[in-house]
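This report refers to the structure that appears directly beneath it.
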There are 2 protein chains.
Amino acid sequence: MATTTEVKPLLPVKDPVPADIDIAQSIKPKHISQIAEVGLGLLPDEYELYGPTKAKVKLSVKDRLKDAPNGKYVVVGGISPTPLGEGKSTTTVGLCQALGAYLNKKVLTCIRQPSQGPTFGIKGGAAGGGYSQVIPMEELNLHLTGDIHAISAANNLLAAAIDARMFHEAAQKDDALFRRLCPADKSGKRRFAAVMLGRLQRLGIDKTDPDELTPEEVSRFVRLDIDPDAVMWRRVVDINDRFLRGISVGQGPEERGMERKTGFDISVASEIMAVLALASDLSDMRQRLGRMVVAADRQGRPVTADDLGVGGALTVMLKDAIEPTIMQTLEATPVLVHAGPFANIAHGNSSVIADQIGLKLVGPDGYVVTEAGFGADIGLEKFMNIKCRASGLAPDAAVIVATVRALKMHGGGPPVVAGTPLPHAYLSPDVDLVTAGCANLARHIENTRKYEVPVVVAINAFASDSKEELEAVRSAALAAGASAAVVTRHHALGGAGAVDLAQAVVAACSGGGGFKYLYDAELPIKDKIEAIACGTYGASGVSYSPEAEAAIAKFSAMGFDKLPICMAKTQYSFSHDATLKGAPSGYVLPIRDVRASVGAGFLYPLVGNMMTMPGLPTRPCFYDIDIDPETGRILGLS
Amino acid sequence: MATTTEVKPLLPVKDPVPADIDIAQSIKPKHISQIAEVGLGLLPDEYELYGPTKAKVKLSVKDRLKDAPNGKYVVVGGISPTPLGEGKSTTTVGLCQALGAYLNKKVLTCIRQPSQGPTFGIKGGAAGGGYSQVIPMEELNLHLTGDIHAISAANNLLAAAIDARMFHEAAQKDDALFRRLCPADKSGKRRFAAVMLGRLQRLGIDKTDPDELTPEEVSRFVRLDIDPDAVMWRRVVDINDRFLRGISVGQGPEERGMERKTGFDISVASEIMAVLALASDLSDMRQRLGRMVVAADRQGRPVTADDLGVGGALTVMLKDAIEPTIMQTLEATPVLVHAGPFANIAHGNSSVIADQIGLKLVGPDGYVVTEAGFGADIGLEKFMNIKCRASGLAPDAAVIVATVRALKMHGGGPPVVAGTPLPHAYLSPDVDLVTAGCANLARHIENTRKYEVPVVVAINAFASDSKEELEAVRSAALAAGASAAVVTRHHALGGAGAVDLAQAVVAACSGGGGFKYLYDAELPIKDKIEAIACGTYGASGVSYSPEAEAAIAKFSAMGFDKLPICMAKTQYSFSHDATLKGAPSGYVLPIRDVRASVGAGFLYPLVGNMMTMPGLPTRPCFYDIDIDPETGRILGLS
């Protein structure tokens with residue numbers, strides 16, 4: 001097998017590996033200004049401190065470095081995971097610690113901000129693990145610099161604006177609505193707010209003086225005429241609150257019986273989160289927020305945030321959120337945390353802005369390593385076809401993280417269930433089981449090669465893995481077209497355990513090479529869906545429900561058919577069926593419905609039922625979480 | 001009349017006074033580290049920057065200064081206001097600008113963090129106005145340092161925990177619940193989480209080993225047995241979302257029909273906000289959060305946050321929120337912004353912690369000026385009897401803000417309605433109308449004198465007020481027992497316009513003098529309610545609905561009867577009826593119901609229907625709010 005290069009860890013590693021929070025709290029972080037200025041090369045006025053361990057990057061750095069050459073761009077994806085996760089974040093962090101602290105490369109880790117839902121629910125935090133973590137993990141897993149809260153607030157202001165508008169339109173005649181929407185100022189003059197001029201334009205009313213509108217034009221202007229049954233916008237909360245999945249609003253005595261069924265999603269599922277992740281600057285974000293389609297009117301026409309007059313306010317609420325947050329790894333390499341779109345109904349990648357800034361900051365000899373959520377069939381596919389299309393960037397290499405545990409599951413091992421002990425098959429060597437499961441890894445490699453990007457497989461080793469099992473994975477990976485496959489022990493050793501992986505990534509990035517998308521965004525909607533289904537998932541075809549057919553026809557008529565596709569599919573299988581492990585093929589992928597995130601800029605076909613609001617278990621993580629009032633030390637976060 | 005001392009403004013004042021945001025954006029704030037270190041005397045490790053204009057005070061400063069003498073403590077209240085507000089925040093800020101920038105006193109302004117609801121809804125922001133503002137007003141009125149968001153998240157985690165617990169208890173037998181709540185670790189050993197030991201103690205079960213509980217004890221331990229009709233905890237959102245006032249939750253297909261009616265309040269109405277405002281340190285906050293009563297069980301017994309296991313997690317979510325935020329006025333005097341409890345169902349004052357820290361920081365020759373919400377019958381009464389009781393502090397002087405406009409309304413002027421032009425009576429001199437209205441001011445002065453605190457009346461002058469009107473108010477104030485009554489023009493002139501007021505406050509504070517509460521907290525609940533109703537509101541008696549009688553009996557039986565009283569009453573009248581202007585007397589105050597905020601530490605009788613969730617008008621403020629993408633300048637905030 002490939003032996004791990006023996007490198008002496010710089011961290012005071014212990015065996016067995018202590019709890020994540022104990023490791024994280026044992027390392028004193030450097031002052032973040034040192035990370036910002038020395039690690040990232042920011043000027044003192046290009047970042048703002050949020051305490052000593054967090055800072056936000058000002059977007060002015062983009063202007064300063066607009067002509068600078070980019071560094072190498074590495075995306076980290078994974079095989080189809082078990083519910084326990086295969087250490088993709090941990091590998092991303094460990095790889096960067098190796099690149100920065102051992103190979104002395106300029107390096108930047110780009111990750112998503114985790115939702116607080118899992119922190120207090122089942123899964124725990126998302127800072128990596130063991131000796132490969134982003135610190136302080138308490139900050140990363142809690143409010144950080146408030147971006148998700150800003151998104152929740154913006155999302156919910158928009159939701160309130162929709163219901164309030166329906167309420168006021170129902171209660172008022174055209175002239176009363178118009179009088180209130182365009183009131184006279186002290187001089188008696190009426191004027192349109194700036195945002196109203198856009199609506200007039202969309203309505204084809206070429207006037208700027210309210211007094212010049214005809215009664216018919218007034219009516220068209222003031223009546224959004226939202227169909228209560230066609231409101232697509234839901235409220236959000238960054239908490240696992242299952243009882244908000246399906247609710248009725250408007251039951252207060254003052255709401256005149258305008259009751260309506262709706263629900264809450266978790267905040268990271270908000271389209272606004274996807275907008276933040278895909279916007280390239282403030283102006284682009286303003287445009288995207290304004291054109292988000294939140295409902296249809298009674299004629300079936302789209303109603304946007306700017307029709308409600310709220311796009312500007314949403315942008316103002318996100319004025320700080322658009323700036324990535326600087327943190328650091330345990331080995332003091334820099335990290336940008338930014339955005340955190342759901343990897344399911346959204347695209348599951350950190351922000352375009354963070355990656356763009358990072359590639360300039362690390363320079364041509366440096367590396368930006370960015371993580372793509374879920375398995376490579378989801379997060380990495382969306383990275384290539386949605387995020388890279390939005391950013392204009394192309395990766396120099398892709399890393400696919402694999403574990404013996406997950407490959408055994410794909411080879412036919414018993415189900416892996418969170419919160420229950422691992423079955424015996426996963427704790428004792430079984431080369432045949434692993435080898436059988438490598439079909440899953442092989443397909444992820446082959447899929448990724450279609451983008452003409454070199455693939456490095458990171459075999460994230462656990463203490464229970466045998467040499468023979470690890471070697472079996474390595475051989476299979478190389479056979480499937482990986483340019484390298486490397487065992488990595490960053491969880492136990494920090495960057496020292498990922499030096500081989502780092503060297504393989506450096507080698508892969510040196511190859512030059514091309515990049516191409518899986519599909520042309522100009523193709524009809526169904527062609528794009530089929531390109532992904534057949535070209536990535538191994539399906540033999542696609543079936544569409546009547547709802548999906550109707551939605552495709554509707555979006556095509558609305559002109560939204562040129563948007564890329566963001567499949568909402570289980571991460572546990574290439575297929576729509578989470579129980580189909582390995583590399584299933586010859587099945588027909590069913591599309592239940594198709595929805596649009598017009599501001600974010602994608603259509604999302606629903607493959608099965610998607611859960612957009614997790615629940616709390618009988619004993620949530622929060623039972624163990626507390627604070628020592630004497631020291632302020634946080635206890636029990638994981 | 002009292003002439004205003006002619007002091008040359010240090011600010012470049014213009015006439016007419018420009019829009020608030022234009023003034024605010026025309027003054028470049030000092031770097032907040034200068035305010036923190038020079039203005040407040042903090043050491044470099046006693047604050048944390050949140051960008052260049054905001055910082056948070058570390059609570060360690062309390063320890064360093066615990067033996068230092070306190071400064072002078074001034075509370076600002078107001079007469080019963082019109083819906084337009086009488087400039088209480090503006091006066092608070094202007095007074096501090098005068099004390100600091102003109103009289104060279106050490107001074108600190110303590111104000112509440114404004115809700116974002118009004119910022120985007122009807123009222124606009126809450127940074128003061130004209131040349132007396134806290135800057136940057138964009139920061140104050142938006143997310144600030146995230147405290148309200150942290151409160152919303154904590155409030156809603158608790159709400160999710162309640163519904164999830166009811167769900168899991170309904171679906172599982174005792175032993176399954178117990179197995180999940182106290183799972184075996186890797187060694188097979190079961191243990192109670194620390195927070196569970198408190199519940200065992202409350203249940204009288206003197207055991208610490210899960211395996212030693214009898215089946216009967218297991219059942220009592222695992223079953224909170226929450227009565228779905230007796231859940232008192234509601235969810236919150238910091239948005240004016242009227243359609244969330246009354247909702248049904250649990251309508252999703254996975255929730256097994258456990259539908260329940262509930263609703264959302266605006267975040268500042270959360271008990272957690274009141275807890276933050278009344279806690280004196282981290283340990284006190286932890287205890288208060290844990291003992292919040294969120295529901296009753298089917299036997300009518302209280303169920304607390306710690307019974308749900310979530311008190312520690314709530315504290316962790318508020319670990320940054322407990323630190324006050326440093327900002328500055330237009331004339332670079334320091335401000336602490338902290339907490340923002342509703343002045344209605346809660347006590348409407350900024351935090352105990354900010355005031356306590358501030359009094360140490362300004363030292364014996366300095367001044368802390370803290371604002372109390374609504375009219376003095378509400379915010380100031382609660383300041384005296386709830387906040388001072390929690391903090392152990394006593395004010396040296398009280399300022400009552402009055403305007404000619406509001407006094408005319410109390411004297412019989414036509415209704416003042418937000419968003420419609422002011423009637424003529426308010427724009428032309430009418431001394432008789434003003435004089436008739438001074439009964440309202442007189443009663444507020446007399447009420448405040450009952451605390452043995454000297455009263456300074458600040459007559460907040462508008463351009464349309466005549467000399468004779470202002471003099472009439474001054475005479476009436478002095479006749480009613482004010483130690484001074486001063487015309488103040490801080491809106492037009494900044495601190496220069498409030499120098500006379502500042503001198504009057506300095507003089508009032510030099511008198512020594514006593515302090516006493518209006519009532520003894522040990523009295524029975526009804527005696528305390530009647531002390532406020534008759535001693536402050538001018539009622540001749542109090543009537544109780546059957547619900548109120550039952551609640552009083554219940555809370556007395558539960559041992560919550562020693563808590564102070566936080567009346568939930570309209571701010572527009574001394575009475576329960578908003579249309580009764582002036583100084584009504586001889587009426588019976590009806591108590592509709594009584595509720596408890598056990599963690600915050602008060603009972604709140606409901607006098608009429610209280611609105612805890614505002615709505616959006618037809619044309620909310622957000623229509624004008626946008627951002628210039630080139631400069632990042634925020635437009636249209638007011």
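Atoms considered below: every heavy atom in the structure, side chains included; atoms not considered: hydrogens, waters and symmetry mates. Bear in mind the structure is a predicted one, so any value in this text is a computation, not a measurement. Proteins get letters first, then strands, A, B, ... in listed order; numbering begins at 1 in each.
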Top of [options] for chain B proximity - count of heavy-atom pairs under 4.5 angstrom:
| options | answer |
| --- | --- |
| A:Ile634, A:Ile148, A:Asp628 | A:Ile634 |
| A:Glu259, A:Lys56, A:Lys319 | A:Lys319 |
| A:Pro629, A:Ser248, A:Ala313 | A:Ser248 |
| A:Arg180, A:Glu255, A:Arg245 | A:Glu255 |
| A:Pro617, A:Gly117, A:Cys182, A:Gly615 | A:Pro617 |

Q.
Is the shortest side-chain heavy-atom distance between A:Asp626 and B:Val195 below 4.5 Å?
A.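 Side chain of A:Asp626 against side chain of B:Val195, heavy atoms only: no contact under 4.5 Å found.
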
Structural part of [X] lying under 4.5 Å from a heavy atom of chain B:
| X | value |
| --- | --- |
| A:Asn240 | backbone |
| A:Leu181 | both |
| A:Tyr47 | neither |
| A:Arg256 | neither |
| A:Glu139 | side chain |
| A:Met196 | side chain |
| A:Arg286 | side chain |
| A:Val310 | both |

Calculate, to the nearest 0.5 Å, the distance between atoms [atom1] and [atom2] belonging to [X] and [Y] respectively.
| X | Y | atom1 | atom2 | answer |
| --- | --- | --- | --- | --- |
| A:Tyr50 | B:Lys54 | OH | NZ | 5.0 Å |
| A:Ile627 | B:Thr315 | CD1 | OG1 | 7.0 Å |
| B:Ser152 | A:Ile239 | OG | CD1 | 9.5 Å |
| A:Glu138 | B:Asp320 | CD | CG | 10.5 Å |
| B:Phe120 | A:Leu314 | CZ | CG | 8.5 Å |
| B:Thr618 | A:Gln172 | OG1 | CD | 3.5 Å |

Under 4.5 Å from any heavy atom of chain A, what part of [X] do you find: side chain, backbone, both or neither?
| X | answer |
| --- | --- |
| B:Leu308 | backbone |
| B:Leu49 | both |
| B:Ala150 | both |

Q: Report, by ascending residue number, the residues of residues 159-167 of chain A in heavy-atom contact with chain B at a distance under 4.5 Å; give 'none' if the set is empty.
A: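 Those residues of residues 159-167 of chain A which have a heavy atom under 4.5 Å from chain B are A:Ala160, A:Ala161, A:Asp163, A:Ala164, A:Arg165, A:Phe167.
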
Picking from [options], which has the most non-hydrogen pairs under 4.5 angstrom with chain A?
| options | value |
| --- | --- |
| B:Leu142, B:Leu616, B:Asp238, B:Asp284 | B:Leu616 |
| B:Pro620, B:Gly51, B:Gly246 | B:Gly246 |
| B:Gln116, B:Glu48, B:Met317 | B:Met317 |

Q | Which atom of A:Asp624 lies closest to which atom of B:Arg191, heavy atoms considered | A |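 A:Asp624 and B:Arg191 have their closest heavy atoms at OD1-NH2, 3.3 Å.
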
Q) Which atom names give the shortest non-hydrogen contact between B:Ala193 and A:Arg619, and what distance separates them? A) CB-NH2, 3.6 Å

Side chain [X], main chain [Y], donor-acceptor under 3.5 Å:
| X | Y | value |
| --- | --- | --- |
| B:Arg235 | A:Leu244 | no |
| B:Arg242 | A:Glu254 | yes |
| A:His149 | B:Ala153 | no |

(Q) As a quick check of understanding, evaluate side chain to side chain contact (heavy atoms under 4.5 Å, CB included) for B:Arg260 and A:Phe243, giving each step before the final call. (A) CA-CA 9 Å; B:Arg260 188 171 72 77; A:Phe243 275 72; over 6 Å; no

(Q) B:Asn156 vs A:Asp241, test: side chain to side chain contact (heavy atoms under 4.5 Å, CB included). Steps then yes/no. (A) CA-CA 8 Å; B:Asn156 293 342; A:Asp241 192 349; 5.5 Å; no

